[in-house]
**Student:** 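I have a structure I would like to understand better, so I am pasting it below and will then ask my questions one at a time.
Remember, predicted model here, so these are calculated numbers, not experimental data. When reading the values below, keep in mind they use all heavy atoms of this one structure, side chains included, and skip hydrogens, waters and symmetry mates.
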Amino acid sequence: MTISKELLENYKLISINICIYNKDIMTTFCRQNNNEWTFKLSENLDKKINTIILKFNFENYITQATVEVLEIGEDYIITKKVIDSEDEKLNSFIQKLNEIENNNEKYGRRKEERIDIGDKNYRLFGLEKINQQLIVQSEKIITNCVLADVSFHGVKIITPYNQVIPKLNNFTLFISFNNPIENVYIEVHKVYINLNKINEHTYASISCQILEPVNYVWKERIIKLIEKIEK
């Protein structure tokens, strides 16, 4: 699975460096696949290295772990992941990675069905309020919208119609959940639009594809919603 910047930010993990040759080498944490971690390197490493020290720079806190090297390329390194740590903060981060990976495997094989939200299920989905925000930065527009249905990689919204709507291609949704730390910006691509007139007001129903990488908080909310509905 791909490691998203939102996940690192939520855990206040500022950076992960490799400690070697009495210096720190900057990395970008890219992927976790089963028991392997992949990092992009800021500089080349000796391909004969067998173990390295990873320095985890959390906000106001630093910890380390020694890992076995599996492969070193020109600009990347693959290591065994840290299975367990005595450090509570690092262990919590590792457990979250494992939880997300397990959920991706469990729910990734399912047929992706749209789940109705609207005024019926918005509280069940964990939304703070029924109205969310549609943002078109190029047009400097912020307007209300309602989530009609959702899935892991798609969302349909309903919003008041205006002259910008037909020109929309890619835009942003700001989703506010009950827990403010879970609030997310979702980048979406318009697939198609239907117009409906209600009491002399015209509304646009916009089906959207969520652009990769999909925020992990959004995926977790979908999983929790599925589990609540299936109970």
**Student:** Give me the atom names and distance for the closest heavy-atom approach of Ile94 to Ile83.
**Tutor:** CG2-O, 4.0 Å
**Student:** Pick out which of Glu187, Gln133, Gln137 makes a side-chain hydrogen bond (donor to acceptor under 3.5 Å, both in side chains) with Thr172.
**Tutor:** Glu187
**Student:** So which of Leu7, Asn103, Leu97 actually passes side chain to side chain contact (heavy atoms under 4.5 Å, CB included) with Tyr216?
**Tutor:** Leu7
**Student:** For residues Ile210 and Ile115: do they belong to one hydrophobic cluster (side chain heavy atoms under 4.5 Å, members Ile, Leu, Val, Met, Phe, Trp, Tyr)?
**Tutor:** yes
**Student:** Closest heavy-atom contact between Pro166 and Asn162?
**Tutor:** CD-O, 3.6 Å
**Student:** When clusters are formed by joining ILVMFWY residues with side-chain heavy atoms under 4.5 Å apart, either directly or through shared neighbours, do Ile157 and Ile135 land in the same one?
**Tutor:** no
**Student:** As a test of understanding, state which of Thr38, Asn33, Asn98 forms a side-chain hydrogen bond (donor to acceptor under 3.5 Å, both in side chains) with Lys81.
**Tutor:** Asn98
**Student:** If you take all heavy atoms of Ser176 and Asn183, which pair is closest and at what distance?
**Tutor:** CA-OD1, 3.2 Å
**Student:** For the atom pair NE2 (His153) and CD (Glu212), what is the distance rounded to the nearest 0.5 Å?
**Tutor:** 4.5 Å
**Student:** Take Lys40 and Tyr76, measure what side chain to side chain contact (heavy atoms under 4.5 Å, CB included) needs, and give me the verdict at the end.
**Tutor:** CA-CA 4 Å; Lys40 192 170 181 62; Tyr76 71 90; 5.5 Å; no
**Student:** Does atom CZ of Phe174 have more than 12 heavy-atom neighbours, drawn from other residues, nucleotides or ligands, at distances under 6.0 Å?
**Tutor:** yes
**Student:** Short question: side chain of Thr159, backbone of Asn144 - any donor-acceptor pair under 3.5 Å?
**Tutor:** yes
**Student:** Among side-chain atoms of Glu113 and Ser151, is any donor-acceptor pair under 3.5 angstrom?
**Tutor:** no
**Student:** From Leu134 CG over to Leu173 CG, what is the distance, rounded to the nearest 0.5 angstrom?
**Tutor:** 5.5 Å
**Student:** Please report the C-alpha distance between Glu227 and Lys224 in whole Å, then the side-chain angles of each, then the deciding distance to 0.1 Å, and finally whether the salt bridge (charged side-chain N to carboxylate O under 4.0 Å, His left out) criterion is met.
**Tutor:** CA-CA 5 Å; Glu227 290 174 343; Lys224 289 176 182 177; over 6 Å; no
**Student:** So, do Trp218 and Phe125 have ring centers that fall under 6.0 Å from each other?
**Tutor:** yes
**Student:** Would you mind reporting whether Gln95 and Asn91 have side-chain heavy atoms less than 4.5 Å apart?
**Tutor:** yes
**Student:** Less than 4.5 Å apart, any side-chain heavy atom of Asp24 and any of Lys55?
**Tutor:** yes
**Student:** Report whether Leu195 and Ile141 are members of the same hydrophobic cluster (ILVMFWY, side-chain heavy atoms less than 4.5 Å apart, transitive linking).
**Tutor:** yes
**Student:** Between Tyr122 and Leu147, is there shared hydrophobic-cluster membership here, with clusters defined by ILVMFWY side-chain heavy atoms closer than 4.5 Å?
**Tutor:** yes
**Student:** So Lys89 and Glu59, salt bridge (charged side-chain N to carboxylate O under 4.0 Å, His left out) or not? Walk me through it.
**Tutor:** CA-CA 11 Å; Lys89 194 172 188 68; Glu59 186 176 86; over 6 Å; no
**Student:** Nearest 0.5 Å, what's the CG-NZ distance between Asn17 and Lys23?
**Tutor:** 11.5 Å
**Student:** Main chain of Leu124, side chain of Lys228: is a donor-acceptor contact present, judged purely on distance under 3.5 Å?
**Tutor:** yes
**Student:** Hey, does the side chain of Asn57 reach the backbone of Ile62 with a donor-acceptor pair shorter than 3.5 angstrom?
**Tutor:** no
**Student:** For Lys219, enumerate each residue passing the side chain to side chain donor-acceptor pair (under 3.5 Å) test, keeping only those at least two apart in sequence or located in another chain.
**Tutor:** none
**Student:** Is it the case that atom CG in Asn179 sees more than 12 heavy atoms from other parts of the structure closer than 6.0 Å?
**Tutor:** yes
**Student:** Would you say the ring centers of Phe39 and Phe29 fall short of 6.0 Å from each other?
**Tutor:** yes
**Student:** Do Asn215 and Tyr185 make a side-chain contact, defined as non-hydrogen atoms from C-beta onward lying under 4.5 Å apart?
**Tutor:** no
**Student:** Is the side chain of Thr27 donor-acceptor paired with the backbone N or O of Ile16 at a distance under 3.5 Å, no angle test?
**Tutor:** yes
**Student:** Looking at Asn121 and Asp116, would you say the former's side chain and the latter's main chain have a donor-acceptor pair under 3.5 Å?
**Tutor:** yes
**Student:** Looking at Gln163, I'd like to know if its CD atom is crowded, meaning that more than 12 non-hydrogen atoms belonging to other residues, nucleotides or ligands lie closer than 6.0 Å.
**Tutor:** no
**Student:** Any side-chain heavy atom of Glu71 within less than 4.5 Å of one from Glu36?
**Tutor:** no
**Student:** Contact between Ser85 and Phe93 at the side-chain level, heavy atoms closer than 4.5 Å - yes or no?
**Tutor:** no
**Student:** Picking from Ile77, Val82, Ile53, what satisfies side chain to side chain contact (heavy atoms under 4.5 Å, CB included) with Val67?
**Tutor:** Val82
**Student:** Evaluate whether atom CZ of Arg123 has more than 12 neighbouring non-hydrogen atoms of other residues, nucleotides or ligands under 6.0 angstrom away.
**Tutor:** no
**Student:** Between atom CD of Glu74 and atom NZ of Lys47, what is the distance when rounded to the nearest 0.5 Å?
**Tutor:** 4.0 Å
**Student:** According to side chain to side chain donor-acceptor pair (under 3.5 Å), who are the partners of Asp87, at least two apart in sequence or on a separate chain?
**Tutor:** Tyr61, Thr63
**Student:** May I ask you to check whether over 12 heavy atoms, not counting those of Lys5, lie within 6.0 Å of atom NZ?
**Tutor:** no
**Student:** Working to the nearest 0.5 angstrom, can you tell me the gap between Asn169 CG and Ser138 OG?
**Tutor:** 10.0 Å
**Student:** Between Asp149 and Ile117 (side chain of the first, backbone of the second, donor and acceptor by atom type, cut-off under 3.5 Å), is there such a pair?
**Tutor:** no
**Student:** Hey, does the side chain of Gln132 reach the backbone of Lys129 with a donor-acceptor pair shorter than 3.5 angstrom?
**Tutor:** yes
**Student:** Using the side-chain hydrogen bond (donor to acceptor under 3.5 Å, both in side chains) rule, pick out the option among Gln209, Lys190, His189 that qualifies with Asn170.
**Tutor:** His189
**Student:** Run Asn196 and Tyr161 through side chain to side chain contact (heavy atoms under 4.5 Å, CB included) and show every step you take.
**Tutor:** CA-CA 9 Å; Asn196 298 289; Tyr161 179 79; over 6 Å; no
**Student:** Yes or no on side chain to side chain contact (heavy atoms under 4.5 Å, CB included) for Phe177 and Leu127, after CA distance, side-chain angles and deciding distance?
**Tutor:** CA-CA 4 Å; Phe177 291 102; Leu127 295 177; 3.6 Å; yes
**Student:** Cluster question for you: counting only ILVMFWY and a side-chain heavy-atom cut-off of under 4.5 Å, with indirect links fine, are Leu211 and Val155 together?
**Tutor:** no
**Student:** Can you check side chain to side chain contact (heavy atoms under 4.5 Å, CB included) on Leu45 and Val69, steps first, answer last?
**Tutor:** CA-CA 11 Å; Leu45 284 178; Val69 174; over 6 Å; no
**Student:** Which distance, rounded to the nearest 0.5 Å, do you find between the CD1 of Ile186 and the SG of Cys208?
**Tutor:** 11.0 Å
**Student:** Counting only heavy atoms not in Tyr192, do more than 12 fall under 6.0 Å of its OH?
**Tutor:** no
**Student:** Tell me if the NZ atom of Lys80 is crowded by more than 12 foreign heavy atoms within 6.0 Å.
**Tutor:** no
**Student:** Would you indicate whether the side-chain heavy atoms of Ile18 and Leu41 approach each other to under 4.5 Å?
**Tutor:** yes
**Student:** More than 12 foreign heavy atoms under 6.0 Å from CD of Glu86: is that the case here?
**Tutor:** no
